[in-house]
2 protein chains.
Amino acid sequence: MARTDKIVGYSPTGKLADVTPDLAASGVETAFRMLEGRWKMVIIFHLFDRQVLRFSELERAIPGVSQKMLIQQLRDLERDGIVERQIYAQVPPKVEYRLTDWGQAMCPALDSLLEWAAQKPASPADPAPAA
Amino acid sequence: MARTDKIVGYSPTGKLADVTPDLAASGVETAFRMLEGRWKMVIIFHLFDRQVLRFSELERAIPGVSQKMLIQQLRDLERDGIVERQIYAQVPPKVEYRLTDWGQAMCPALDSLLEWAAQKPASPADPAPAA
DNA sequence: CGGGATCCGGCACGATACTG
DNA sequence: CAGTATCGTGCCGGATCCCG
């Protein structure tokens, strides 16, 4: 896995071993920054689960979130092309949110991360899970 | 992909479709929180690339990082079981950092993320990459 | 109902200086 | 060399009030 020689640029294969540490780091960091935020994951998973949700539905589905944060993180996700917003010009406003195709496409990656996290060996300093 | 029925608990398979939105979200969020931080990715990728590095080597490899941030994020990573620290009782102190097995194990997940990020369709609001 | 603006507090981040 | 201590700051997240 490890490599010691230099690589010229950003590998289109996306393999970590093919890019320099800084390039790979910045690439993954960029992806991370899109997803970091107290509520983005919750939003994403709810949309992944329900496919399409209105603002108020999301608000109710996520207890503890403020409208500001909800709208803010939704905007971010929208701006990053992860979620789509559909507005209906109605008397009671109606806005639907759903994942974009690309947004759906990140689920395997999240899967990997979830699996990795689940494989965590009980750290030596962890509190023993006694009864 | 989508599921509508309820799931009882945390799926050992780690598949997103097998867990409730909140569980999956919290799981991935937990993983994310371990990796978020201005320098963690850079550290991880450098260690992944070089396998083992001393403190000063990391410091030199990562321009712009302060000792405080470096040590802090290294501590976090160590506490989370992602990196290992090896101290040599010498007159000039010598400490080596490397990824744990589990830390290495997350690279496929980062790969997925990198790949996903690379697949991003040019967003409609993106500045046209003109000459 | 959906969206926004403003104010505020905490903490991540960072610069600098000091120590074993 | 490998940290620690202290101080400062910006930005994130939250409460509250306001608008279409």
Side-chain angles (χ1 to χ4, degrees), chain A residues 22 25-26 28-47 50 52-80 82-98, chain B residues 22 25-26 28-44 46-47 50 52-80 82-98 125:
Chain A
D22 296 290
S26 67
V28 176
E29 246 187 314
T30 303
F32 257 76
R33 310 216 106 194
M34 291 184 186
L35 301 175
E36 79 180 271
R38 181 69 186 79
W39 307 102
K40 289 192 182 164
M41 285 298 171
V42 202
I43 294 171
I44 288 169
F45 281 102
H46 272 282
L47 288 178
R50 302 286 307 281
V52 49
L53 285 171
R54 302 182 51 171
F55 183 89
S56 51
E57 289 177 321
L58 273 170
E59 196 177 353
R60 260 176 284 112
I62 307 174
V65 71
S66 64
Q67 296 94 330
K68 174 192 174 181
M69 289 321 293
L70 187 52
I71 193 67
Q72 181 179 295
Q73 313 240 322
L74 277 169
R75 295 290 156 152
D76 287 353
L77 291 171
E78 190 190 358
R79 201 170 49 79
D80 290 333
I82 294 171
V83 309
E84 275 174 345
R85 190 165 65 130
Q86 187 166 354
I87 314 102
Y88 295 85
Q90 297 181 355
V91 187
K94 175 179 173 184
V95 180
E96 287 180 348
Y97 293 92
R98 74 196 68 210
Chain B
D22 296 290
S26 68
V28 176
E29 246 187 315
T30 303
F32 258 74
R33 311 216 107 192
M34 290 185 185
L35 301 175
E36 79 179 272
R38 180 70 188 78
W39 306 102
K40 291 195 181 161
M41 283 299 172
V42 202
I43 294 171
I44 288 170
H46 273 282
L47 288 178
R50 302 285 307 281
V52 49
L53 286 170
R54 304 180 52 168
F55 184 87
S56 53
E57 289 176 320
L58 274 170
E59 196 177 353
R60 261 177 284 114
I62 307 175
V65 71
S66 64
Q67 297 93 331
K68 175 194 173 181
M69 288 322 292
L70 186 52
I71 193 67
Q72 181 179 296
Q73 312 240 326
L74 278 169
R75 294 288 148 134
D76 286 353
L77 291 171
E78 190 189 358
R79 200 172 47 80
D80 290 332
I82 294 171
V83 309
E84 276 174 345
R85 190 166 63 132
Q86 187 166 353
I87 314 103
Y88 295 85
Q90 297 180 357
V91 187
K94 174 179 172 182
V95 180
E96 287 179 347
Y97 293 91
R98 74 196 69 211

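In the text below, chain A, chain B and the rest are named by the order of the sequence lines, each starting its count at 1. Since this is a predicted model, take the numbers as computed values, not measurements.
Take A:Gln86 and apply the side chain to side chain contact (heavy atoms under 4.5 Å, CB included) test, not counting sequence neighbours, and it matches A:Tyr88, A:Glu96, A:Arg98. Partners of A:Glu57 according to the side-chain hydrogen bond (donor to acceptor under 3.5 Å, both in side chains) rule, which considers only residues two or more places apart in sequence or in another chain, do not exist here. Not counting sequence neighbours, A:Tyr97 has no partner by the ring-ring contact (aromatic ring centres under 6.0 Å, His included) test. When the salt bridge (Lys or Arg N to Asp or Glu O under 4.0 Å) test is applied to A:Arg60, no partner is found at least two apart in sequence or on another chain. A search for side chain to side chain contact (heavy atoms under 4.5 Å, CB included) contacts involving A:Glu59 returns A:Phe55, A:Gln67, A:Leu70, not counting sequence neighbours.
Identified under the salt bridge (charged side-chain N to carboxylate O under 4.0 Å, His left out) test for residues 30-44 of chain B, with sequence neighbours left out: A:Glu29-B:Arg38, B:Arg33-B:Glu36, B:Lys40-B:Asp76.
A distance of 11.0 Å separates CD in A:Glu84 from CG in A:Leu47, rounded to the nearest 0.5 Å. To the nearest 0.5 Å, the span separating CZ on B:Arg75 from CG on B:Asp80 amounts to 13.5 Å. One finds the CD atom of B:Gln73 at 9.5 Å from the CD1 atom of B:Ile62 (value rounded to the nearest 0.5 Å).
Counting heavy atoms from C-beta outward, B:Leu35 and B:Ile44 have side chains that approach closer than 4.5 Å. Side-chain contact check for B:His46 versus A:Asp22: some heavy-atom pair is nearer than 4.5 Å.
For the helix from C:dC1-D:dG20 to C:dG20-D:dC1, the axis fitted to the five pairs at one end and the axis fitted to the five pairs at the other end meet at an angle of 40° (nearest 10 degrees).
Scanning residues 68-76 of chain B for heavy-atom distances under 4.0 Å to DNA chain C yields B:Lys68, B:Met69, B:Gln73. For DNA chain D, the neighbouring residues in residues 56-66 of chain B, judged by any heavy atom under 4.0 Å, are B:Ser56.
Put simply, B:Tyr97 has a side-chain N or O that comes within less than 4.0 Å of OP1 or OP2 on D:dG3.
Distance CZ (B:Arg38) to P (D:dC11): 13 Å, rounded to an integer number of Å. Nucleotide D:dT6 holds its C1' atom 14 Å from the CD atom of B:Gln67, rounded to whole Å. Note: CE (A:Met34) to C1' (D:dC12) measures 19 Å, nearest angstrom.
The nearest heavy atom of DNA chain D to A:Pro93 and to B:Arg85 marks one nucleotide each, and the one closer to the 5' end goes with B:Arg85.
Chain A approaches DNA chain C over the interval C:dC1 to C:dC7, counting the first and last nucleotide 5' to 3' with an atom under 4.0 Å from its heavy atoms.
A:Ile43 pairs in a side-chain contact (heavy atoms from CB on, under 4.5 Å) with only one of the listed residues (A:Leu53, A:Val65, A:Leu74), which is A:Leu74.
Scanning both residues, A:Arg54 and A:Pro93, for their nearest heavy atoms gives NH2-O, 3.4 Å.
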